[in-house]
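Encoded as structure tokens, the structure appears first; notes follow it.
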Amino acid sequence: MPTVSVKRELLFQALGRSYTDEEFDELCFEFGLELDEITSEKDIISKEQGDGKAEGASDIIIYKIDVPANRYDLLCLEGLVRGLQVFKERIKAPRYKRIMPANGGVQRLIITEETAQVRPHAVAAVLRNITFSKDRYDSFIDLQEKLHQNICRKRALVAIGTHDLDTISGPFTYTARPPSEIRFKPLNQSKEYTASEIMDLYRTDSQLKHYLHIIENKPLYPVIYDSNGVVLSMPPIINGNHTKISLNTRNVFVECTATDITKAKIVLDILVTMFSEYCEKQFTVEAAEVTYHNGKTCIYPELAYRREKVKPDLINKKIGISETPSSLAKLLTRMCLKSHVTGNGNNIEIEIPPTRADIIHACDIIEDAAIAYGYNNIQMTIPKTYTIANQFPLNKLTELLRQDLAAAGFTEALTFALCSQEDIADKLGVDISSTKAVHIANPKTAEFQVARTSLLPGLLKTIAANRKMPLPLKLFEISDIVVKDSTKDVGARNQRNLCAIYYNKNPGFEVIHGLLDRVMQLLAVPPSKESGYLIKAAEDFQKIF
Amino acid sequence: MSPAMATDGPALAELLLQRLERAGGGGLGSLEAAAALGLEHQQLVGAVKSLQALGEVIEAEQRSSKRWELTPEGKEIVQEGSHEARVFDSIPAEGLPQSELMKLPSGKVGFSKAMSNKWVRLDKNADGGPRVFRAVESVQDLVQEKLQLVQRGEAESLEEKDRNELKKRKLLMEVNIKTYWIRKGSAFSTTVTKQETDLTPEMLASGSWRDLKFKAYNFEALGIMPESGHLHPLLKVRTQFRQIFLEMGFTEMPTNNFIESSFWNFDALFQPQQHPARDQHDTFFLQDPAEATDFPTDYLKRVKKIHSQGGYGSQGYKYDWKLEEARKNILRTHTTAVSARMLYRLAQQEKFTPAKYFSIDRVFRNETLDATHLAEFHQIEGVVADYGLTLGDLMGTLREFFTKLGISQLRFKPAYNPYTEPSMEVFSYHRGLQKWVEVGNSGIFRPEMLLPMGLPEGVSVIAWGLSLERPTMIKYGINNIRELVGHKVNLQMVYDGPLCRLDA
């Protein structure tokens, strides 16, 4: 779940009122947010780096708010405030508009064929006559970072570049070139580097090093130029320093390059809808034209409003309430889903704004109606579903058997299903290749290399960890082991095993033998060579465990 | 009767009783009695305790008092004489070389004391080095005499300055001791009857039990624990959860398949292939067997379509859905993978019948480990499938479920899960922490998950889940999960664990 940090004072100022921490926590809960922490820059620094380092840092109160992973429209102060103000009916949801610049001066981005091999998509837009302040600027940068970390999947799916439009001139070209041929001064650097040098430069950068792998092994790196050959950015790694935006920037060119076009459009829509608030013509975004190498042309941002119809009856039934159609429409409108009743009250028409890409089905609309109604106002009911319960036979037997094993004086252990290869092979004198063990591809440590093929190693380790306990130790476990089995769809199956162990100063084989006899007695299997069980000596340890 | 004989237990007790008889109603003190009988105080205390155990023979009131006692060195002096007296005694008429005198055990201390007492004199110019001679005919060893008084329990008769002087020489010390003031009890007698500890068949047969005195039971001490085996605390809690589901009419799902394909674990649940949960950092992928081979073909096509293009009234995720990604085998990250298989199976029935399912089993996450997180844990899950289920039904079911766990105050928070919509986190008020804490997650499965399976349109499926470890740790007050789960378990904790009564 992403966490958004906002200054409390700014938040309350934007909300037009102040709250006590408890009141705001309550509001968050109702809306599906979580006020995770109340802190300050000073607190954060002293927590991370020690008290000494925090001196002089700001002690302005910061709210850290957890936002649901699909609500990209709430990832910045601007969006949070808009969402809450509409929810509380203090404002109406703004209507976002894409406008074509007068006299045909639309910014153009041309995508060349080479990008297909590395990062084939790009979208763009212009924020015209925007006014930044320090806080707005910080929020603008922050939102890009939040989007990068979440929907953009750490820039693998989408990478955002924002540029001071007045420093460059279109049309822009999005292409891909060999790293040696790309050369520019990266953001906040004082000299030019080739793309290969840039990769080396950022290999130790705590932030950027995580993105290098996305293009590192590609023969061509993506790059965006203006008509004079100025580098805007080398996505998804770094922008050029030339186009850097500042507090004085008035016109912002936004580009998003992507491997997933759907997500690129969403990211662009979110970024421009959030910050068009600060444009001279509030909530308007200047269009940009993107031309593919096959000649196909698209206008961005899409800022599409989609209309859906949902029957009031369905909403009521799915939630378990009985609201009038107009009251349901009002509830939905409070969730930024502008709705009205149509067709003699039989339908509600809902307009899904470009900020709500999470609404993909009627069930998402129904959830929003339920949130606006208040989850905790819904009458709790018990379903009339009549069913007869059944136990899973294997678990039923396990439950019965473990009770009686404890009654027989053995104590139940609970050991890990995952272990090291050594545990199930070398330490038992068995060759790993002769086990039917399933192997894990990405274990972080040796403890998670394989799934156990025997319960014995876990019980032996339990004894080793409890050597200070008085003797004897009598332990058992009934649990699943895992073996490869090509007859199963996944190529492996669980097997329920029972293992017991007796640990004392003298071996006491008869004790464990007696337990086996007891188990067979409980299972109503008599000791009999013909029609029961018998014990034979075996040489092969692996056959036993 | 000599004091030596009196050290024998019963005889000593009787001596004390006789003394008490003579002392009359006022009683006597244990210190004085010990002194009078020529005993160590501790021996007398032993006799008092054994008499107390007989019942009302005596009354003993514990007191604390200060007493002067000899240090080990003081005791030695009582026996052997003071160091200075010993030095004096060891000097023959012709004197002793100082160097030899210093080699004596009492030499150093004794010489300087004897010098200051003017008992001896030193001739520095004697032949063969300095030589010590007696200076008086005989001496009176006052130090020894004073210490003997203390030993007889008469320290009080010494003058305070003498006591302090002896204390300074580390021959005396003042100790706090527990003493008793002893009086006759209601069943006082000067003879001690031996008490029986156990009732025997012979006593019953002969009827002798009528006249015998029996020793009272000691309820202060713990009894002997019966030898027994023990069930594991986490699995005791599992049994209770299982019981609750069975009481509510839920059927247990076969969750005995730790290895699952990404298809059933994620894709079937409409969890997109780029979802962070499908990352190497969160999920254990298998190297061998790396891929699942067998899928219901038509269903797989419908799943692919709903992800990449949408359908059933959904926009879908509009991305390039890849079969390779769905084939990847993993250690299941939730038991909901089994719920998906069960719901798919339910959808294949000729006619839909309502179903309630539950499971409690292991799931695996390749996450960072800490005091409350392990790579494997138990997930508890409940699922209800029927026509027309509502969000209110989900909340009502949760209320019933949690009431059985002893949790009555519930609150629901809107949340996001990829495969449920609406989704709600369940919070309960924790009295100890004085705040609302999350106790579970729940929701209504998305149509994009259910409809491709072939479930009828009007059927809703409500579901909820929680971990088994968290409520168990809270229940048993365990802070480190490794003490509960895995081989580092504290077996003493397992031995001592109480029953699991969740609603008590």
Side-chain angles (χ1 to χ4, degrees), chain A residues 29 32 68-70 153 157 260 262 317-320 360-364 367 370-371 375-376 378-383 385 387 389-392 394-395 406 408-412 414-418 438-442 444 448 451 458 461-462 465-466 469 480 482 484 489-492 494, chain B residues 227-232 234-235 246 249-252 254 256-261 274 280 284-289 292 294 313-315 318-319 329 354-356 362 375-376 384 386 389-393 395-396 399 411-416 421-422 424 446-447 485-489 491 494:
Chain A
F29 193 96
N70 63 340
R153 297 292 293 120
L157 302 183
D260 180 326
T262 312
K317 269 190 179 161
K318 290 281 177 191
I319 302 173
I360 57 176
H361 189 277
C363 68
D364 299 302
E367 181 183 68
I371 293 172
Y375 275 8
N376 296 291
I378 299 169
Q379 184 77 37
M380 296 190 209
T381 46
I382 297 174
T385 311
T387 52
N390 284 304
Q391 302 185 45
F392 180 45
L394 186 62
N395 289 358
F410 280 69
T411 291
E412 188 173 34
L414 174 64
T415 65
F416 296 129
L418 305 184
V438 304
H439 290 256
I440 293 164
N442 57 334
K444 280 178 189 154
F448 312 116
K461 281 158 100 178
T462 307
N466 280 280
M469 295 296 293
D480 284 352
V482 184
K484 284 196 281 187
D489 62 342
V490 296
N494 281 23
Chain B
E227 273 184 44
S228 71
H230 307 267
L231 294 173
H232 191 280
L234 188 82
L235 301 180
L246 292 170
F250 284 67
T251 285
E252 194 170 23
N256 56 332
N257 59 322
F258 295 164
I259 311 301
E260 190 54 276
S261 62
Q274 316 90 339
Q280 295 275 329
F284 287 113
F285 287 85
L286 287 203
Q287 183 181 65
D288 180 26
D294 192 17
S314 174
Q315 302 287 312
K318 299 192 173 106
Y319 70 96
N329 273 336
K356 291 196 246 176
R362 289 181 203 237
E376 51 189 280
V384 185
D386 200 354
L389 294 174
T390 68
L391 202 52
D393 285 337
M395 291 162 66
R399 183 187 58 195
R411 218 157 68 122
F412 301 91
K413 175 178 163 292
Y416 170 69
E421 188 84 11
M424 36 176 59
R446 292 192 71 100
V485 183
H487 56 266
K488 288 179 184 156
V489 64
L491 278 180
V494 177

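So you know, we letter chains A, B, ... as the sequences are listed, proteins then strands, and number each from 1. All figures in this text were calculated on a predicted structure; none of them were measured in a lab.
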Margin query: Is any side-chain heavy atom of Val489(B) closer than 4.5 Å to one of Thr462(A)?
Written below: yes
Next item on the list: Indicate yes or no: does Arg446(B) engage Asp364(A) in a salt bridge with an N to O separation below 4.0 Å.
Entry: yes
Check: Side chain of Glu376(B), backbone of Ala417(A): donor and acceptor closer than 3.5 Å?
Finding: yes
Note to self: Are the side chains of Asp288(B) and Val438(A) in contact, using a 4.5 Å heavy-atom criterion?
What the structure shows: no
Notebook entry, point to check: Contact part of Phe29(A) toward chain B, heavy-atom cut-off under 4.5 Å: side chain, backbone, both or neither?
Noted result: both
Notebook entry, point to check: Counting heavy-atom pairs under 4.5 Å to chain B, which of Gly409(A), Gly491(A), Ala465(A) comes out on top?
Noted result: Gly409(A)
Margin query: Which atoms of Gln379(A) are under 4.5 Å from chain B, going by heavy atoms: the side chain, the backbone, both sets, or neither?
Written below: backbone
Margin query: Between Thr262(A), Asn466(A), Leu394(A), Ile378(A), who has the most heavy-atom pairs with chain B when the cutoff is under 4.5 Å?
Written below: Asn466(A)
Margin query: Under a 3.5 Å distance rule, please check whether Thr387(A) uses its side chain to pair with a backbone N or O of Ala355(B) as donor and acceptor.
Written below: no
Check: So which part of Val384(B) gets closer than 4.5 Å to some heavy atom of chain A, the side chain, the backbone, both or neither?
Finding: side chain
Margin query: If you count heavy-atom pairs within less than 4.5 Å of chain B, which of Val482(A), Leu157(A), Ile382(A) leads?
Written below: Ile382(A)
Check: So, the side chain of Asn494(A) versus the backbone of Phe258(B): is there a donor-acceptor pair under 3.5 Å, distance only?
Finding: yes
Margin query: Taking side chain as everything from C-beta outward and backbone as N, CA, C, O, which of these in Asp260(A) sits under 4.5 Å from a heavy atom of chain B? Side chain, backbone, both or neither.
Written below: side chain
Item checked: Heavy-atom donor-acceptor pair, Thr390(B) side chain to Lys317(A) backbone, under 3.5 Å -> no
Next item on the list: Let me know if Ala370(A) has heavy atoms under 4.5 Å from chain B in its side chain, its backbone, both or neither.
Entry: side chain
Checklist line | Side-chain donor/acceptor of Thr411(A) to backbone N/O of His230(B), under 3.5 Å | finding: yes
Notebook entry, point to check: According to the interplanar angle, ranging from 0 to 90°, do the rings of Phe416(A) and His487(B) count as parallel (below 30°), tilted (30 to 60°) or perpendicular (above 60°)?
Noted result: perpendicular
Margin query: Please check this pair: side chain of Glu412(A) against backbone of His232(B), looking for a donor-acceptor N/O pair closer than 3.5 Å.
Written below: yes
